[in-house]
Number of protein chains: 4
Amino acid sequence: MVFAEQGFYQSTISQIAREAGVADGTIYLYFKNKDDILVQFFTYKAKQVFDLFREEVATADGAIEKLKNLVRRHLDEFQRDKNMAIVYQAETHQNSRSAEPQIREMSKMYLDIVSEIVEQGQADGTMRKDLYLSLVKRFILGAVDETINNWLHSGGKYDLRSMADPLIDLFIRGIGNNNVNNS
Amino acid sequence: MVFAEQGFYQSTISQIAREAGVADGTIYLYFKNKDDILVQFFTYKAKQVFDLFREEVATADGAIEKLKNLVRRHLDEFQRDKNMAIVYQAETHQNSRSAEPQIREMSKMYLDIVSEIVEQGQADGTMRKDLYLSLVKRFILGAVDETINNWLHSGGKYDLRSMADPLIDLFIRGIGNNNVNNS
Amino acid sequence: MVFAEQGFYQSTISQIAREAGVADGTIYLYFKNKDDILVQFFTYKAKQVFDLFREEVATADGAIEKLKNLVRRHLDEFQRDKNMAIVYQAETHQNSRSAEPQIREMSKMYLDIVSEIVEQGQADGTMRKDLYLSLVKRFILGAVDETINNWLHSGGKYDLRSMADPLIDLFIRGIGNNNVNNS
Amino acid sequence: MVFAEQGFYQSTISQIAREAGVADGTIYLYFKNKDDILVQFFTYKAKQVFDLFREEVATADGAIEKLKNLVRRHLDEFQRDKNMAIVYQAETHQNSRSAEPQIREMSKMYLDIVSEIVEQGQADGTMRKDLYLSLVKRFILGAVDETINNWLHSGGKYDLRSMADPLIDLFIRGIGNNNVNNS
DNA sequence: GATGAATGAGGATTCATTCAT
DNA sequence: AATGAATGAATCCTCATTCAT
């Protein structure tokens, strides 16, 4: 996918069309304009990915287990579809984009899933009650995102999925030495 | 700053010049080309910001205190210079940018500072020894970044700096309920 | 043709396009860039003109007759296509042109034809054997060129072709008074 | 001189100024505008060179001797001042130049000198009477010009002046084999 | 539906020229 | 007289979009 390599705005309709194996004009039979390609791409991908996420979370028991599955699946999917990962990383950090609504929606869906998990964790006593929820969800999303971002910038060589467990561990236990404090 | 509002590549030289109160051609007396504006901007800002960061870390005692100061300062500076924040967020998540070297350098400097802090924390017993260091540093950077990113997408209304302490708390203690484990 | 009137480098793409009855962008469907217009023009013309020259020379008997035909045809063609004549005159006397290879090739082809003729003339005894060949061919090309150049600078009013025979006469007999020598 | 290397129109005022060791603005104290540099250059050079030519012709006896001296001096001067040669070659073959009047004047002066010589030659019986004068003078100028042009395109390596005598020989005797005709 | 040639607005960059110092 | 920073008109080229076939 061209706009994974050079960014969506640096890609031309000609490149996109050639890659799709159609003529330039044909693009306009399916997309209103160039921006609409991005919008539809995100709309389609969002649905696809979030269905997976929801399903993954639903099949797990316990908040921590749900969180583990979510993060694993997240890393897994982005590893599987590196192009989507690149486009997602690039576009979620711009503003005044035409795909802004789609991106906000995706972010929101993700944050909602995390919120639900944390709230469940608080309810069943596996997570701290004194958490600043709106911060926690971003803290988790941010850490996962940056893990993906770094994987991308490194060229996507190593196994991204293997980062899931250590990452969850940091979410759950933090980096402080609890043994010291609790001794 | 125009390219904070519409992204650097969506801004025109005319807009940038008008905003700077000079003629289009004048831009080229100070910058080799359009890309060079971004490069010089990051080079200049990086030096300025990292001097502050280093200083902030140096004046604190103890790893946790250092980390607090760093994160506070980070949020503080990005809150103070919102335009820089926007541009930084946008450009650090693109690839094949001309400012790539500057951005990699900035990232690396940041990660190095965090590494040093964590290593010190491990040495003085305030941080866990069983940490995956290269993951931890990105986990911290990612969480801070996403906090800033969200603040930006919300329009920069609330006080970003106030996020520092709860964020550090999450880094240190995690979200797991240690009381349960330790009871 | 605009660049006949003002020189190729003084013409703008807009002018060239307007004259061709197409939009500016259309030019770039057929030419790589502005320079390529000149290159293609020469490549095309060179082939066309030199095919004529070769043919003209082939159909004549005897070196002197061949030379006459060549010069006649040369003047004839440049008279017929005055724009080409202007561009040719202008560009063959510049250096570091992008069309340089085409121009060198055209010059070389011309000089080669003349060389062959002169060598044949020497073989059949109609031309002097003590000739400095590489000078002779330039001497002929130069004289024809300047004849064309002057015709152009005079506005192309008079009949250029009528210069052919007197010019050949000068090539063959020179301006010296042989009768005096031979008396 | 910069505009010998890249042509006058491809040279910038900055380059010309730097080479002259003055600031850009200073150029405008001495020249009305960029074109005026070319105009003044030709005006100055023309006077200088033609004074030499006239002198050279005056000091010789006999038309053929005068012609020899003129051609020698011409080649000599252009060899000595290669930059002038390049600029002269380039600009005399363009039209709608601002230096056009200067160039026409230079051409005319040259052709006038040649005319005078030929007329004298006809009067004293060393040159043919049946010459088409306006053609002869261009034939001579063209041949000399092309000799210079070729020397320039070859990089100006060999001794240009040594071409003078063989060239004159061609002017005088032509390339035809008179012995054959006169036997 | 599909094509791809043609369009022309838009944008980066250059550079002759000016003018305050 | 000399400077050189600033100007902005001018120009090449790109590319999203259209539309006749």
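First the proteins, then the strands, lettered A, B, ... as listed; each starts at 1.
The interatomic distance linking Ile27(B) (CD1) with dA5(F) (P) rounds to 16 Å, in whole Å. Taking atom NZ of residue Lys32(C) and atom P of nucleotide dC12(F), one finds them 17 Å apart after rounding to whole Å. One interatomic measurement links the two molecules: CG of Asn33(C) to C1' of dA12(E), which rounds to 17 Å at whole-angstrom precision. Computed from coordinates, the Tyr28(D) OH to dG4(F) P distance equals 16 Å when rounded to whole Å. Rounded to an integer number of Å, the gap from Ile16(D) CD1 to dT17(E) P is 11 Å. Rounding to whole angstrom units, CD1 of residue Ile13(C) and C1' of dG11(E) are separated by 16 Å. Atom pair Gln10(B):CD and dT14(F):C1' shows a separation of 15 Å (rounding to whole Å applied). In this entry the distance linking OH of Tyr9(D) with C1' of dT14(E) reads 17 Å, nearest Å.
Summary of the strand contacts: Lys34(D) and Gly21(A) both lie near DNA chain E, and taking for each the nucleotide with the nearest heavy atom, the more 5' one is attributed to Gly21(A). Across the interface with DNA chain F, nearest-nucleotide mapping of Leu29(D) and Leu29(B) shows Leu29(D) to be the residue nearer the 5′ end.
Closest non-hydrogen pair, His153(A) versus Thr92(B), comes out as CE1-O, 3.2 Å. The nearest pair of heavy atoms linking Gln89(C) to Asp145(C) is NE2-O, 3.5 Å.
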Is there a salt bridge (charged side-chain N to carboxylate O under 4.0 Å, His left out) between Glu77(B) and Arg80(B) once you walk through the steps?
CA-CA 5 Å; Glu77(B) 283 303 311; Arg80(B) 198 202 315 278; 2.9 Å; yes
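Stretches of at least 3 consecutive Watson-Crick or G-U wobble pairs, with each checked distance under 3.5 Å, appear in DNA chain E as E:2-21 with F:2-21.
Listed by chain and number, the residues in a salt bridge (Lys or Arg N to Asp or Glu O under 4.0 Å) with Arg104(C) are Glu100(C) (sequence neighbours excluded).
For the residue pair Tyr88(C) and Asn83(C), no side-chain donor N or O sits within less than 3.5 Å of a side-chain acceptor on the partner.
Rounding to the nearest 0.5 angstrom, the gap separating the CG atom in Asn149(A) from the CG atom in Leu152(A) is 6.0 Å. The CD1 atom of Ile37(A) sits 5.5 Å away from the CZ atom of Phe31(A) when rounded to the nearest 0.5 Å.
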For nucleotides 8-10 of chain E, tabulate all protein N/O to nucleotide N/O atom pairs closer than 3.5 Å, reporting atom names and distance.
from   : atom 1 : to       : atom 2 : distance (Å)
dG8(E) : N7     : Gly25(C) : N      : 3.3

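In this structure, Asp81(C) pairs ionically with Lys45(C), as a charged nitrogen and a carboxylate oxygen lie closer than 4.0 Å.
A cation-pi arrangement is not found for Lys34(A) relative to Tyr28(A), the charged atom failing to lie both closer than 6.0 Å to the ring centre and inside a 45° cone about the ring normal.
Taking only side-chain nitrogens and oxygens, Tyr30(D) comes nearer than 4.0 Å to OP1 or OP2 of dA2(F).
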